[in-house]
Colleague: 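Structure incoming, see below.
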Amino acid sequence: MNRKTDPVPSARERILHTAHDLFYLQGIRATGIDQVIAESGVTKVTLYRHYPSKNDLILAFLDYRHERWMSWFDGALSRFGSNPAALVAAMGEWFAHPQFRGCAFINAVAEIGPVLPEAVTRSREHKRQMQARIAELLPPGNRREARAGALAIAVDGAIVRAACEATPQAALDGLETAVEAICAPVASRQAAAKPRA
């Protein structure tokens, strides 16, 4: 019986996946190129052929992290009901992951923002796309974007708090309160607009 096997990742993919895990779990500054080379099983020449500098590898890491995180975020919101309350459930799922270390983009701006402006640009774009996805959870209206922005800030605050605390419960409770407060006017107007029997 023939079994399908996953294709062997290329050297470029091995380097990127290794850098992703190390940069996210240990931090960008704490991770040296020699460790990436050793753990990805490539030579220094091979790494520098694909990523001529550590900065190139950092930017590739941020691009890869963005695609991976947004794919998870979209799936989680869909699984949990595609409404504002789904934000709390989705964050709860992420915060419970044993390798949760906060937001890679917030971390990157804090670590290397002043010396690698391209990382800040990518982080802003990541946050812009996250906010756009949050906006899709809200009904149309002239305050939709403002509410999505407030919810995005609440999500970022919860991420930072969850990364700092021994347990994520306070972060989730705070996020739930923020979601209810930000979305209550929308729910109230929708209820008032419904025709009475």
Side-chain angles (χ1 to χ4, degrees), residues 23-24 28 58-59 61-97 99-165 167-197:
F23 286 164
Y24 181 65
I28 293 169
I58 291 166
L59 296 177
F61 151 67
L62 291 173
D63 291 340
Y64 176 65
R65 179 70 184 183
H66 169 72
E67 290 173 13
R68 184 171 155 171
W69 194 89
M70 287 301 297
S71 176
W72 165 81
F73 188 52
D74 190 59
L77 293 177
S78 297
R79 282 195 310 279
F80 292 118
S82 291
N83 57 55
L87 287 169
V88 180
M91 291 300 107
E93 178 180 282
W94 184 30
F95 298 166
H97 194 282
Q99 292 184 330
F100 171 73
R101 296 292 181 273
C103 172
F105 298 89
I106 294 172
N107 296 347
V109 170
E111 277 197 80
I112 57 166
V115 295
L116 188 58
E118 298 94 329
V120 177
T121 301
R122 280 168 166 79
S123 299
R124 284 186 187 133
E125 179 58 20
H126 171 76
K127 294 302 179 185
R128 188 196 67 74
Q129 289 190 35
M130 183 186 83
Q131 181 173 321
R133 181 63 183 92
I134 291 171
E136 294 173 9
L137 304 174
L138 301 170
N142 61 350
R143 298 283 296 156
R144 183 184 200 183
E145 291 307 317
R147 287 195 174 91
L151 288 171
I153 289 170
V155 166
D156 280 336
I159 292 168
V160 172
R161 182 73 182 268
C164 294
E165 299 282 346
T167 73
Q169 196 54 54
L172 292 170
D173 291 345
L175 179 58
E176 184 173 25
T177 300
V179 168
E180 289 170 357
I182 293 164
C183 296
V186 177
S188 298
R189 278 205 314 277
Q190 287 176 332
K194 284 184 182 173
R196 295 176 183 251

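The model shown is predicted, which means the values in this text are computed figures rather than measured ones. Start at 1 with the first residue, then count along the sequence.
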Colleague: Would you say the side-chain atoms of S78 pair up with the backbone N or O of D74, donor to acceptor, closer than 3.5 Å?
Modeller: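 Indeed, once roles are kept as given, a pair shorter than 3.5 Å links the two residues.
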
Colleague: What heavy-atom pair brings F105 and L62 nearest, and what distance separates the two atoms?
Modeller: CZ-O, 3.4 Å

Colleague: Can you give me the closest heavy-atom contact between L77 and A90, atom names plus distance?
Modeller: CD2-CB, 4.2 Å

Colleague: First locate atom CZ of R161, then atom CG of L172, and finally report the distance between them rounded to the nearest 0.5 Å.
Modeller: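 So the gap between those two atoms works out to 11.0 Å.
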
Colleague: So is R65 actually on top of Y24's ring, under 6.0 Å and inside 45° of the axis?
Modeller: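 Output yes; distance and angle both within limits.
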
Colleague: Can a donor-acceptor pair be found between the side chains of E125 and H66 at a distance below 3.5 Å?
Modeller: no

Colleague: Are side-chain heavy atoms of L151 and C183 found at a separation under 4.5 Å?
Modeller: yes

Colleague: Show the nearest heavy-atom pair for residues A171 and A162, with the distance to one decimal.
Modeller: CB-N, 3.7 Å

Colleague: Flag the pair I106 / K127 as yes when at least one side-chain heavy-atom distance between them is below 4.5 Å, and no otherwise.
Modeller: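 Answer yes - side chains close enough.
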
Colleague: Calculate, to the nearest 0.5 Å, the distance between atoms OG and CZ belonging to S82 and R133 respectively.
Modeller: 5.5 Å

Colleague: On a heavy-atom basis, which atom in L59 and which in A119 lie closest, and how many Å separate them?
Modeller: CD2-N, 3.8 Å

Colleague: Can you tell if the side chain of M130 reaches within under 4.5 Å of the side chain of D156, non-hydrogen atoms only?
Modeller: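 Of all side-chain heavy-atom pairs linking D156 with M130, at least one is under 4.5 Å.
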
Colleague: When rounded to the nearest 0.5 angstrom, what is the spacing between CD in Q169 and CD in E176?
Modeller: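 Answer rounded to 0.5 Å: 8.5 Å.
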
Colleague: Which heavy-atom pair separates A104 from F61 by the least distance, and what is that distance?
Modeller: CB-CZ, 4.0 Å

Colleague: Below 4.5 Å, heavy atoms only, C-beta onward: do L138 and N83 meet side chain to side chain?
Modeller: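 No, every pair of side-chain atoms sits at 4.5 Å or beyond.
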
Colleague: Are I28 and I112 close enough that some pair of their side-chain heavy atoms sits under 4.5 Å apart?
Modeller: yes

Colleague: Return the NE2 to OG1 distance between H126 and T121, rounded to the nearest 0.5 Å.
Modeller: 14.5 Å

Colleague: Establish, from distance only, whether the side-chain atoms of E111 and N107 form a donor-acceptor pair under 3.5 Å.
Modeller: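 Side-chain D/A pair, E111 to N107: absent.
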
Colleague: Would you indicate whether R79, at its atom CZ, is surrounded by more than 12 heavy atoms from other residues, nucleotides or ligands within a distance under 6.0 Å?
Modeller: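 More than 12 heavy atoms, drawn from other residues, nucleotides or ligands, come within 6.0 Å of this atom.
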
Colleague: Do you know the tightest heavy-atom contact between F80 and A86?
Modeller: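 For F80 versus A86, the nearest heavy atoms are O-CB, 3.6 Å.
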
Colleague: Donor-acceptor pair, R122 side chain versus D63 backbone, under 3.5 Å?
Modeller: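 Checked: no pair found.
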
Colleague: F73 versus L87: any side-chain heavy-atom pair under 4.5 Å?
Modeller: yes

Colleague: When you compare the side chain of T177 with that of D173, does any pair of heavy atoms fall below 4.5 Å?
Modeller: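 Sidechains of T177 and D173: no contact.
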
Colleague: Give, for atom CZ of F95 and atom CZ of F100, the distance between the pair rounded to the nearest 0.5 Å.
Modeller: 5.0 Å

